[in-house]
There are 2 protein chains.
Amino acid sequence: MDAPPHWLDPEQKVAWDNFIRMQETLIGRLSRRVQTDSGMSASDYIVLASLTERGGGRMRLLDLAKSVEWEKSRMSHQVTRMAKRGLVAREECPDDGRGAFIVATPAGCTAIEEAAPQHVEHVRRLFIEALTPHQLSTLGRLSKRVLDHMERLPD
Amino acid sequence: MDAPPHWLDPEQKVAWDNFIRMQETLIGRLSRRVQTDSGMSASDYIVLASLTERGGGRMRLLDLAKSVEWEKSRMSHQVTRMAKRGLVAREECPDDGRGAFIVATPAGCTAIEEAAPQHVEHVRRLFIEALTPHQLSTLGRLSKRVLDHMERLPD
DNA sequence: CTGGAGTAGATGAGGTGTCAACGATTTCGT
DNA sequence: ACGAAATCGTTGACACCTCATCTACTCCAG
């Protein structure tokens, strides 16, 4: 017996609500910021950041998708839009006739190089500086714990 | 002098990355779950939940928007879509000629009543159970702290 | 070397979010 | 009472995400 209760108890609910509100507010403000500061969308930023940091400005589409944990179709659409805006370009892949290399254009490189320090500054201002170093590392540790827990669960 | 460094130090970066990954994974899994369990989108769920819990199934559009911290236009579009699906309906507001009441239809009430326990169950499984009660309350407290910090900042 | 299974990626449809502009009231100062 | 300003809500354009489906290529067993 002892089915799990159908609702969260008050303390759990408070914790959950605070987490959700914080997370939404934070992500919302950060992405609006990237948008107004750089003219890029948050997605553009993430893609360019991963492409230049991890891939040296040139990556296979599927690797790029994995590096930011996106579905391939999402990445494909995003790359199409970014190509239209001149931030990246598609190149054929000599080794694999199906494949495509995604490369950051000079404009894309410039854009990310200008946007990155500002973005980091906002992360610092909104998030990092809200907490003591000890609190920050606690929050990081608890996040990792939830992450590991989820990865053990089906779905 | 002493300009803030342009990058996060390694410990800050680890904490930030873990937080971001956790939050994205969690929200993603929860909304996919609501979708497949109930056929509603995560937005449908939030709107119906707030409408029935806080408003007794009948609320002004702008109040509804504020209750979930959405922009009015987002809510207006969402209500249009939900009306098309028969989850809510618009009613004229006698007191205020500009206004609109949003009401949950019987179908909407049924839908949220069926979806809510399942959703809570997933929150519990993915998030609550990852942590001890003490850790959970810590995470809630730190979230609140970040939230308060952000509310003090412009933008 | 050939046929089937798996992989890389593109694409179309439909739901969703944002921004800016708008129409329709209500409210308020004078 | 009257006009300006604020408020309530809608709309259109556009960017974005997901899902299912499709093509084209690679790989491998026989």
Side-chain angles (χ1 to χ4, degrees), chain A residues 24-25 27-48 59-103 155, chain B residues 24-25 27-48 59-103 155:
Chain A
E24 274 170 5
T25 307
I27 302 299
R29 286 180 67 154
L30 281 176
S31 58
R32 241 168 293 130
R33 262 308 191 168
V34 172
Q35 177 78 310
T36 65
D37 286 356
S38 71
M40 287 192 289
S41 71
S43 301
D44 293 347
Y45 180 91
I46 294 172
V47 169
L48 277 176
M59 242 190 274
R60 291 292 292 269
L61 186 135
L62 221 45
D63 293 336
L64 187 51
K66 277 173 198 146
S67 77
V68 294
E69 300 183 289
W70 283 9
E71 296 182 11
K72 61 188 180 173
S73 121
R74 180 177 177 183
M75 186 57 80
S76 183
H77 282 301
Q78 181 68 27
V79 164
T80 301
R81 288 184 298 259
M82 292 176 71
K84 207 167 294 177
R85 286 174 222 135
L87 295 171
V88 299
R90 282 183 223 260
E91 273 182 22
E92 306 231 335
C93 175
D95 303 4
D96 188 336
R98 301 162 295 184
F101 273 113
I102 313 303
V103 299
D155 265 13
Chain B
E24 272 170 6
T25 307
I27 302 299
R29 287 181 66 155
L30 281 176
S31 59
R32 240 169 293 129
R33 263 308 191 167
V34 172
Q35 177 79 316
T36 65
D37 286 357
S38 70
M40 289 191 289
S41 71
S43 302
D44 294 347
Y45 180 91
I46 294 171
V47 170
L48 277 177
M59 242 191 274
R60 291 289 293 269
L61 186 135
L62 220 46
D63 292 336
L64 187 51
K66 276 173 198 147
S67 77
V68 294
E69 300 183 289
W70 282 9
E71 296 182 11
K72 60 187 180 173
S73 121
R74 180 177 176 184
M75 186 57 80
S76 182
H77 281 302
Q78 181 66 27
V79 164
T80 301
R81 290 185 297 256
M82 291 175 71
K84 208 168 292 176
R85 284 173 224 137
L87 296 172
V88 299
R90 283 183 224 260
E91 274 182 21
E92 305 231 335
C93 175
D95 304 3
D96 188 335
R98 301 162 295 185
F101 273 113
I102 314 301
V103 298
D155 262 15

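Order of the sequence lines fixes the chain letters, A, B, ..., with proteins taken first and strands second; residue numbering starts at 1 for each chain. Quantities reported herein were computed from a predicted structural model and do not represent experimental measurements.
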Exercise. More 5' along DNA chain C: A:Lys66 or A:Thr80, using each one's nearest nucleotide?
Worked result: A:Lys66
For this session: From the options D:dG9, C:dG15, D:dC16, select the nucleotide whose nearest atom is closest to the side chain of B:Arg81.
Result: C:dG15
For this session: Applying side-chain contact (heavy atoms from CB on, under 4.5 Å), run through A:Val47 and A:Leu64 and close with a yes or a no.
Result: CA-CA 8 Å; A:Val47 169; A:Leu64 187 51; 4.1 Å; yes
For this session: Just compare C:dC19, D:dT10, C:dA8 and give me whichever is closest to any side-chain atom of B:Lys72.
Result: D:dT10
Problem set entry | Sub-4.5 Å side-chain heavy-atom contact between A:Val103 and A:Met59 | no
For this session: Round to a whole Å and report the spacing from NZ of B:Lys84 to P of D:dT11.
Result: 10 Å
Exercise. Rounded to whole angstroms, how far apart are CD on A:Glu92 and P on C:dA10?
Worked result: 11 Å
Exercise. Within the pair B:Arg60 and D:dT7, is there a side-chain N or O less than 4.0 Å away from OP1 or OP2?
Worked result: no
Problem set entry | Of A:Met40 and B:Gly99, the one whose closest DNA chain D nucleotide lies more 5' | B:Gly99
Exercise. How do B:Gln35 and A:Asp44 order along DNA chain D: which one's closest nucleotide is nearer the 5' end?
Worked result: A:Asp44
Exercise. Is there a side-chain contact (heavy atoms from CB on, under 4.5 Å) between B:Ser43 and B:Trp70 once you walk through the steps?
Worked result: CA-CA 11 Å; B:Ser43 302; B:Trp70 282 9; 3.7 Å; yes
For this session: Could you state the atom-to-atom distance from CG of A:Asp96 to C1' of C:dT7 in whole Å?
Result: 8 Å
Exercise. Rounded to the Å, how far apart are B:Leu62 CG and D:dA6 P?
Worked result: 16 Å
Problem set entry | Gap between atoms CD and P, on B:Glu71 and D:dT11 respectively (whole Å) | 17 Å
Exercise. Heavy atoms under 4.0 Å, any strand shown: does B:Ser43 hit a base, just sugar-phosphate, or nothing?
Worked result: sugar-phosphate
Seminar exercise, completed: Considering only heavy side-chain atoms of B:Ala100, the closest of C:dA8, D:dG9, C:dT16 is D:dG9
Exercise. Do A:Arg32 and A:Gln35 get their side chains close enough for a donor-acceptor pair, meaning under 3.5 Å?
Worked result: no
For this session: For B:Met75 and D:dG9, give me the distance from atom CE to atom P, rounded to whole Å.
Result: 11 Å
Exercise. Which of these nucleotides, C:dG9, C:dT18, C:dT16, is closest to any side-chain atom of A:Arg90?
Worked result: C:dG9
Exercise. Which one of B:Arg90, B:Glu92, B:Glu91 satisfies the side chain to side chain contact (heavy atoms under 4.5 Å, CB included) criterion with B:Phe101?
Worked result: B:Glu91
For this session: Could you state the atom-to-atom distance from CG of A:Leu64 to P of C:dA8 in whole Å?
Result: 14 Å
Exercise. Can you find a donor-acceptor pair, distance only, under 3.5 Å between A:Arg98 side chain and C:dT7 base?
Worked result: yes
Seminar exercise, completed: Of the candidates D:dG9, D:dC16, C:dA10, the side chain of A:Leu61 sits closest to C:dA10
Exercise. With a centroid cutoff of 5.5 Å and a plane-angle limit of 30°, would you call A:His77 stacked on C:dT11?
Worked result: yes
For this session: Let me know the distance between CZ of A:Arg74 and C1' of D:dT21, rounded to the nearest Å.
Result: 20 Å
For this session: Report the C-alpha distance between B:Arg81 and B:Asp44 in whole Å, list the side-chain angles of each, state the deciding distance to 0.1 Å, and finish with yes or no for side-chain contact (heavy atoms from CB on, under 4.5 Å).
Result: CA-CA 9 Å; B:Arg81 290 185 297 256; B:Asp44 294 347; 6.0 Å; no
Seminar exercise, completed: With the side chain defined as heavy atoms from C-beta on, B:Ser73 is closest, among C:dG17, D:dC16, C:dT18, to C:dT18
